[in-house]
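A short worksheet on the structure shown next.
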Amino acid sequence: MSVLPYLVAGWIFIVGVYGLATSRNLVHAVGCLAVCQSSTYVLLLSVGYRDGGTAPVFSDLRPGTRPLVDPVVQALALTDVVVGATLTALLLALVIQVDKRHGTVDPDELSELRG
Amino acid sequence: MSRGARLWVLAVGAAGLAVLLGAASFRLPHFGGDSHPYGGRAVRAALARHTANVISSVNFDQRAFDTLGEESILFAAVLGTVVLLRQTRDERQHEPEPAPVLPSVRRYATLALPVTLLVGLYVVAHGQLSPGGGFQGGVVAATALHLLYIAVDYRALERIRPMGIYHAGDAAGEGAYLVLGVAGLLCGTSFLANFLPYGTFNTLASGGTVPLLNAAIGMEVACAVVVLLSGFLDQALEIEEANRT
């Protein structure tokens, strides 16, 4: 079944969105956002996969001897991982500040504005 | 909106999205298929520029300008985290107590520290040859420093971690990337274009500017991870509310 990897990527994304919408804890919500993001890695890497392909690195591989998987999507996934990790850190720092100012990390209780 | 109503809205939206994603999946290229027009071109360009690791060539040569944007997101996210996690007026800092460490943990963490640091630097330096590069190697090198926190305690980590240097290193890595881009302009090519000789294929001195950009990114990522973790560790171990004690 050749569409299975794409469907898996969509499934992971929807699971993450479900977690985001029903979350009662902001730390949990940040985790769910990371799940949504990991669906893009699955999608990118399944777009780039090639049957019998090997890594596009020529340090121990003669050019032209083996089929290669797509390096462009791998480069995209690589930067996505690093940027995603730092953005998760930024969001967790925000959660720490929310907890300090409001004394709660439940998004349902964070409805009022405070100066 | 009540929780029940919200769940219904979510269910309708998710079902619609699932139908669209499912329909789109059947129009995507065949999984594992042979048609990778951009992949083939990227491999040819990397070989023409004597870079053995095609992914590094894509990131630091063929789309180096995009990597500048991603690196700036990283820089801005770290800056935001540092601002958010600073000590506020109603908080005070206290000295963390030394904690007991199991002798076996201490032994293995001390052994692993130099090895991890070396692996991190190796991965940065060989980014143009073997799998790896500045992003991955920087994270590994930053992890190595934090083995000291596991092996001894927080005060030992603080002694080898003068934060000013790492803040400056973070900014210097970002700046070095820009300077290398401008150097291309001064050498008569375009911004962030490869202006150095390509070197011998599959040796350390290959790929033109790729190893230099790798090193700049490696320095920025290593310093950024140290800065990030220090912010969170300070929150957990040092900073407490003045009225809570």
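Residue numbers start from 1 in every chain, and the chains themselves are labelled A, B, ... in the order their sequence lines are given, proteins ahead of strands. It should be emphasised that the depicted structure is a prediction, and the values quoted were computed from it without experimental measurement.
- Listed here is the closest heavy atom pair of Gly80(B) and Leu90(A): C-CD1, 3.5 Å.
- Chain A forms the most heavy-atom pairs under 4.5 Å with one residue out of Ala42(B), Ala14(B), Gly33(B), and that residue is Gly33(B).
- When heavy atoms are compared at a cutoff of 4.5 Å, Arg3(B) approaches chain A solely by way of its side chain, counted from C-beta outward.
- The choice from Ser25(B), Gly13(B), Ala11(B) that makes the most heavy-atom pairs within less than 4.5 Å of chain A is Ser25(B).
- Counting heavy-atom neighbours within 6.0 Å of Phe191(B) CZ, excluding the residue itself, gives a total above 12.
- Taking the side chain to side chain donor-acceptor pair (under 3.5 Å) definition, one finds that Arg6(B) meets it with Asp108(A), sequence neighbours left out.
- Within 6.0 Å of atom CZ in Phe201(B), more than 12 heavy atoms from other residues, nucleotides or ligands are found, so the atom counts as buried in its surroundings.
- Heavy atoms of Glu70(B) lying under 4.5 Å from chain A belong to its backbone as well as its side chain.
- For the pairing with Ile96(A), the side-chain contact (heavy atoms from CB on, under 4.5 Å) check across Thr81(B), Leu85(B), Leu84(B) returns one residue only, Leu85(B).
- Residue-level contacts of residues 20-36 of chain A with chain B, in order of numbering, are Ala21(A), Thr22(A), Arg24(A); threshold 4.5 Å between heavy atoms.
- Only the side chain of Leu7(B) comes within less than 4.5 Å of a heavy atom of chain A; its backbone N, CA, C and O stay farther away.
- Chain A forms more heavy-atom pairs under 4.5 Å with one residue of Leu10(B), Leu21(B), Leu20(B) than with any other, namely Leu10(B).
- At a heavy-atom cut-off of under 4.5 Å, chain B is reached by Gln74(A), Ala75(A), Leu76(A), Leu78(A), Thr79(A), Val82(A), Val83(A) from residues 73-83 of chain A, listed in order of number.
- Heavy atoms of Gln136(B) lying under 4.5 Å from chain A belong exclusively to its side chain.
- Of the listed residues (Gly138(B), Ala52(B), Gly39(B)), the one with the most heavy-atom contacts under 4.5 Å to chain A is Ala52(B).
- Sorted by first and then second residue, the ring pair (Phe, Tyr, Trp, His ring centres under 6.0 Å) pairs with a member in residues 44-91 of chain A read Tyr49(A)-Phe31(B); sequence neighbours excluded.
- Counting heavy-atom pairs closer than 4.5 Å to chain B, the top-ranked of the candidates Gly10(A), Gly53(A), Ser46(A), Pro56(A) is Pro56(A).
- Of the atoms belonging to Phe13(A), it is side-chain heavy atoms, and not backbone ones, that fall under 4.5 Å from chain B.
- Between His36(B) and Asp70(A) the shortest heavy-atom distance is ND1-OD2, 3.4 Å.
- Looking at heavy atoms from C-beta onward, Asn53(B) lies out of side-chain contact with Ser59(A) at the 4.5 angstrom threshold.
- With chain A as the partner, the residue from Leu74(B), Asn59(B), Asp66(B) showing the most heavy-atom pairs under 4.5 Å is Asn59(B).
- Looking at Leu94(A), both its backbone and its side chain come within 4.5 Å of chain B, counting heavy atoms on both sides.
- Chain A forms the most heavy-atom pairs under 4.5 Å with one residue out of Asp34(B), Ile73(B), Val43(B), and that residue is Asp34(B).
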